[in-house]
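Because the structure is a prediction, the values reported are computed rather than measured.
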Amino acid sequence: MAASRIVAHPPPYLHRQSPPSDAAPSLNLTLLPKRYRNLGICASLRGDKPHSVELRATTSDVVVSRDLLSLPRPLSSTQLSASVSDGSCLRVAYQGVHGAYSESAAQKAYPNCEAVPCEQFETAFDAVERWLVDRAVLPIENSLGGSIHRNYDLLLRHSLHIVGEVNFAVCHCLMANHGVKREDLKRVLSHPQALAQCENTLTKFGLVREAVDDTAGAAKHVAYHKLQDAGAVASSAAAKIYGLNILDQDIQDDSDNVTRFLMLAREPIIPGTDRRFKTSIVFSLEEGPGILFKALAVFALRQINLTKVCCLSWHHLYFDYLFYVDFETSMADQSAQNALRHLKEFATFLRVLGSYPVDTSSM
């Protein structure tokens, strides 16, 4: 399904009429019930009434506008699995351009969805919150590059909920325009992490590395400018989309290259106990000897397995550090509820980011 760009301002239809000389000015607002995309406001003087200004909305695409009475109820884990297998009605935001690994991850998470590209991670968060899309699929960590701190920051700044995860195996390809051989290349363009993950191979090829915003964007740049001395490191999907020739496949230095993506929504799912669940939380602690040991002990005492512990500085609040923790227990389980109740006794801040099914699919 063709992707479409996000428009951030869906205005109502505004019509201002010139009031009688003895009446106060008035402004009539009529909310259109339909959906619009690429809405713009045009202002013009009305010829029949020289003091009248008419503002009208022009439409060319669709921006989501919803009646408050029709807001969906929180998803259950059963509904979530149904939406994953039949995602044709969902608009899913991802960061990057057409052909990015994030787009492939979004399509794996929600098959047959409409994948909507966003220039920045924060744009994807905003798009979900403004009802422009239904979900967002964004990377949170890579097995080689580690945690993506920017998205941990955005999880705290925004009010979205984690409703799932998807693990995606990354396979980098070296590509160039047709007729260009590997020996003709002098430089290669890609995202900094992709270049770092292929460092040994690119050094062996004698190529100068140039960093750009994303892998698919690099492929698009090489193809658009018909570069003869430069290639790109990107996915095979990007090569197909932009008409590039793949010179070498699987050029990453480590074959175990997996990126974990989070599926984000406006509403949380209702956790269950019918399958393996993972819960993500963030909390802060007062300074003191053994305080972190005490915090993690609330999970160990209840035989709850921690799959990730990440400590990040946070200078916008009164505490200095935040601890992000993933553990393999559903919030529907009494042991998880007791652990967080125990943690809350001495944590200065605690928030559950989501409780969601573990991704057990093959990569």
Would you say that L322 contacts L156 through its side chain, given a criterion of any heavy-atom pair below 4.5 Å between the two side chains?
yes
Can you tell me if R135 uses its side chain to pair, donor with acceptor, with the backbone of M263 under 3.5 Å?
no
Both conditions, 6.0 Å and 45 degrees, for the charged tip of K108 above the ring of F168: are they met here?
no
L202/V188 under side chain to side chain contact (heavy atoms under 4.5 Å, CB included): CA gap, chis, key distance, verdict:
CA-CA 8 Å; L202 297 177; V188 61; 4.0 Å; yes
Could you check whether any side-chain heavy atom of D359 comes within less than 4.5 Å of a side-chain heavy atom of F261, counting everything from C-beta outward?
no
Should we say atom CZ of R276 is surrounded by more than 12 heavy atoms from elsewhere, each under 6.0 Å from it?
no
So does C118 get a backbone contact from the side chain of T123, meaning a donor-acceptor N/O pair under 3.5 Å?
no
Work out which heavy atom in L285 is nearest to a heavy atom in L292; give both atom names and the distance.
CD1-CA, 4.0 Å
To check you understand the geometry: which heavy-atom pair defines the closest contact between Q249 and I246, and what is its length?
CG-CG2, 3.5 Å
Where do L353 and L262 land on the side chain to side chain contact (heavy atoms under 4.5 Å, CB included) test, with the steps shown first?
CA-CA 11 Å; L353 299 172; L262 297 180; over 6 Å; no
How long is the straight-line distance from NZ of K204 back to CD of E199, given to the nearest 0.5 Å?
13.5 Å
Treating S235 as the side-chain partner and G99 as the backbone partner, does any N or O pair qualify as donor plus acceptor under 3.5 Å?
yes
Would you check if L296 and F323 make a side-chain contact, meaning some heavy-atom pair closer than 4.5 Å?
no
Is the shortest heavy-atom distance from the side chain of S102 to the side chain of V137 under 4.5 Å?
no
Cluster question for you: counting only ILVMFWY and a side-chain heavy-atom cut-off of under 4.5 Å, with indirect links fine, are L195 and I148 together?
no
Heavy-atom distance under 4.5 Å between the side chains of R275 and V358, does that happen here?
no
Output, in order, the C-alpha distance, side-chain angles, deciding distance and verdict of side chain to side chain contact (heavy atoms under 4.5 Å, CB included) for T203 and R209.
CA-CA 9 Å; T203 299; R209 297 179 285 278; 3.3 Å; yes
Using the rule side chain to side chain contact (heavy atoms under 4.5 Å, CB included), only one of V282, V309, T307 pairs with V325; which is it?
V309
Inter-residue atom distance I140.CD1 - R150.CZ, 0.5 Å rounding
11.5 Å
Heavy-atom distance under 4.5 Å between the side chains of H221 and V212, does that happen here?
no
Determine, for D326 against R260, whether the closest basic-nitrogen to carboxylate-oxygen distance falls under 4.0 angstrom.
yes
Looking at D248, I want to see if its CG is surrounded by more than 12 non-hydrogen atoms of other residues, nucleotides or ligands under 6.0 Å.
yes
Side-chain atoms of residues 170-181: list all donor-acceptor pairs with protein atoms under 3.5 Å, sequence neighbours left out, distances to 0.1 Å.
residue : atom : partner : partner atom : Å
H172    : ND1  : Y101    : OH           : 2.9
H172    : NE2  : Q197    : OE1          : 2.8
N177    : ND2  : V222    : O            : 3.1
N177    : ND2  : L227    : O            : 2.8
H178    : NE2  : G243    : O            : 3.4

Hey, could you give me the CD1/OG1 distance between I162 and T279, rounded to the nearest 0.5 Å?
9.5 Å
Compare all side-chain heavy atoms of L340 with those of I281 and state whether any distance is below 4.5 angstrom.
yes
Between L144 and Q193, is the side chain to side chain contact (heavy atoms under 4.5 Å, CB included) condition met? List the steps.
CA-CA 9 Å; L144 302 181; Q193 276 204 358; over 6 Å; no
When you measure from the side chain of S355 to the backbone of P271, do you find a donor-acceptor pair of N or O atoms at a distance under 3.5 Å?
no
So do the side chains of P117 and Y94 get within less than 4.5 Å of each other, counting heavy atoms only?
yes
Give a yes or no answer on whether the side chain of E103 reaches the backbone of G96 with a donor-acceptor pair at less than 3.5 Å.
no
Quick check against the 3.5 Å criterion: does S280 have a side-chain atom that pairs as donor or acceptor with the backbone of G354?
no
Using the ring of each side chain (for Trp, its six-membered ring), is F346 parallel, tilted or perpendicular to H342, with breaks at 30° and 60°?
perpendicular
Check this for me: Q120, atom CD, are more than 12 non-hydrogen atoms of other residues, nucleotides or ligands nearer than 6.0 Å?
no
Check for me, please, whether V258 and V233 land in the same ILVMFWY cluster - side-chain distances under 4.5 Å, paths through other members count.
no
Quick check against the 3.5 Å criterion: does Q228 have a side-chain atom that pairs as donor or acceptor with the backbone of K226?
yes
Has Q95 got a side-chain atom pairing as donor or acceptor with E119's backbone, closer than 3.5 angstrom?
yes
Tell me whether M331 shares a hydrophobic cluster with L306, the cluster being built from Ile, Leu, Val, Met, Phe, Trp, Tyr side chains joined at under 4.5 Å.
yes
Could you see if F205 belongs to whatever hydrophobic cluster contains L189? Use Ile, Leu, Val, Met, Phe, Trp, Tyr and a side-chain cutoff under 4.5 Å.
no
T201: side-chain hydrogen bond (donor to acceptor under 3.5 Å, both in side chains) partners, not counting sequence neighbours:
D253
Which atoms form the tightest heavy-atom contact between L247 and L185, and what is the distance?
CD1-CD1, 3.7 Å
Restricting to non-hydrogen atoms, name the atom on H98 and the atom on Y242 that form the minimum distance, rounded to 0.1 Å.
O-OH, 2.6 Å
Nearest-0.5 Å distance, NE2 of residue H191 to OG1 of residue T215:
8.0 Å
Just checking K308: does its NZ atom have more than 12 heavy atoms from other residues, nucleotides or ligands closer to it than 6.0 angstrom?
yes
Rounded to the nearest 0.5 Å, the OG atom of S236 sits from the CG atom of L244 at a distance of 12.0 Å
Got a second to check how far Y321's OH is from C310's SG, nearest 0.5 Å?
12.5 Å
Between L160 and R266, what is the shortest heavy-atom contact and its length?
CD2-CA, 4.1 Å
Donor-acceptor contact present, side-chain S335 to main-chain R302, <3.5 Å:
no
Side-chain ion pair, R157 and E122, N-O less than 4.0 Å:
no
What one should report as the nearest heavy-atom pair of F299 and L343 is CZ-CD2, 4.4 Å
Is T273 reaching over with its side chain to a backbone N or O of S330, donor-acceptor style, under 3.5 angstrom?
no
